[in-house]
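Each chain gets a letter, A, B and so on, in the order the sequences are listed, and its residues count up from 1.
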Protein chains: 2
Amino acid sequence: MAKSGVASRPRGATSTGAATRQALVEAAIETLKSEGFAGTSARAIATRAGCNQALVFYHFGSVVDLLLAALDQVGTRRMQHYRAALGEVTTPAGLAAVAADVFREDMDTGDVAVLVEMIAGSSSTPGLGAEVAARIAPWREFAQSALEAGLSGSPLGSVLPLGEFSHAAVALYLGLEMLSHLDGDRSRATALFDRALQVASLLDAFTTSPPVPAAKEHP
Amino acid sequence: MAKSGVASRPRGATSTGAATRQALVEAAIETLKSEGFAGTSARAIATRAGCNQALVFYHFGSVVDLLLAALDQVGTRRMQHYRAALGEVTTPAGLAAVAADVFREDMDTGDVAVLVEMIAGSSSTPGLGAEVAARIAPWREFAQSALEAGLSGSPLGSVLPLGEFSHAAVALYLGLEMLSHLDGDRSRATALFDRALQVASLLDAFTTSPPVPAAKEHP
DNA sequence: GTCTATACTTGGATAGAC
DNA sequence: GTCTATCCAAGTATAGAC
């Protein structure tokens, strides 16, 4: 009911405040990445957003609610990107290649660190755990559909227990991010994805891939 | 220097203070498990230990130093237990059975949650990351020797890149704990270990190996 | 060694001026 | 919508009595 239409805002004013709202979300994300859950206070966020601490409570009511909004943002952002990257993946090697790519990006952006910090931080705030869990669930579903897509051509697809594998995939992803972030060394994780690509390519070779209309990739 | 010998303590006195020191470490562990890194303050720990908040600083100098002592304690404790459980494992199925057992225990005790909280909490305190990383390293080494032991009889042992796999194993372990702890649902993780046991048993069957003593217990 | 008391800092949250 | 000012709770850490 508030937040209503058209917003006849005065000349030159800094928009409707939606801009600062967005700035706060973005600042919350960055603060979670670099300072962790324990270091992400209303003051720290506001400073990074270049605005006043009180605005956190005006726009979001509380710090944790802002943090959840940040988690939502990073979630939908990454999910869109993952879906696009998954694109026309139909083979194990294709899946592995995309996974390696995407993981490398996630190391660079640090987006997954936001997830990790929110999960670990959940223990300290009553009720937060359930909220975070609800926002993690889609990732498991996505992982499963990715596995299905990548193994659709392979006999493995109908044999492997994809429900359990998808859970493992999410867990592994989070664990790798956590360890890489800890010592700042992503080489171990990338080496692992390289290896996965090798194995997947081997799988491809064993699978008679009949149609596969020579992809529409462009160089 | 300090902490010197023999401590001719008065009759009936509560030992030399080593007892409260230990109580503080134990309380720190429990607080990390239930309140998370962000919720683990000197006051919270002292309350749980049944002593005064000032003793944290008397015995450990700072909260983070106590937390690191707690991490050490949980680390050596679990490492001892893991080594014992690994015992005479020489086959994939044996390894999988032990791993499932041990993970189930870790879910119950929550010891791995301490690791996870410390890793995630590292971001918020300068210098803590390196300390924690140093204490994680032994786990990767242990995982590797466990894999070597479990695959010693199998041709897989000489083919698989154990260095990379051990890193993945640690990451997976941490990730599974994190997710299980989040929604309080350990069924997904245990289902996964059950599945691993099936696969490992299959591997055993393909490997002509001498009579092997069966796993110690089964449901 | 352990406690009480206290100094100082930071954080969450609200009221009110602009 | 945004800022200043402020209240209050909680945290780290130290000093000093017992």
Rounded distance in Å - [atom1] ([X]) to [atom2] ([N]):
| X | N | atom1 | atom2 | answer |
| --- | --- | --- | --- | --- |
| Gln53(B) | dT6(C) | CD | P | 14 Å |
| Leu55(A) | dA5(D) | CG | P | 15 Å |
| Ile45(A) | dT2(D) | CD1 | P | 16 Å |
| Leu67(B) | dG11(D) | CG | P | 14 Å |
| Arg43(A) | dC8(D) | CZ | C1' | 12 Å |
| Asn52(A) | dT4(D) | CG | P | 6 Å |
| Leu24(A) | dA13(C) | CG | P | 14 Å |
| Phe37(B) | dG11(D) | CZ | P | 13 Å |

**Donor-acceptor side-chain pairing of Ser34(B) and Arg48(B) below 3.5 angstrom** = yes
**Item:** Side-chain ion pair, Arg78(B) and Glu105(B), N-O less than 4.0 Å
**Value:** yes
**Request:** Identify, between Gly50(B) and Phe57(A), the residue whose nearest nucleotide on DNA chain C lies closer to the 5' end.
**Result:** Gly50(B)
**Message:** Taking the six-membered ring for Trp, are Phe103(B) and Tyr173(B) closer than 6.0 Å centroid to centroid?
**Reply:** yes
**Prompt:** Given the side-chain rings of Trp139(B) and Tyr82(B), with only the six-membered ring counted for Trp, is the space between their centroids under 6.0 Å?
**Reply:** yes
**Prompt:** What is the nucleic acid contact for Val63(B), judged by heavy atoms within less than 4.0 Å: base, sugar-phosphate only, or nothing?
**Reply:** sugar-phosphate
**Prompt:** What nucleotide among dG11(C), dA5(D), dC3(D) has an atom nearest to a side-chain atom of Ser41(A)?
**Reply:** dG11(C)
**Request:** Check whether any side-chain N or O of Thr20(B) sits under 4.0 Å from OP1 or OP2 of dT2(C), and answer yes or no.
**Result:** yes
**Item:** DNA chain D: 5'-proximal contact among Tyr58(A) and Ala54(A) (nearest heavy atom)
**Value:** Tyr58(A)
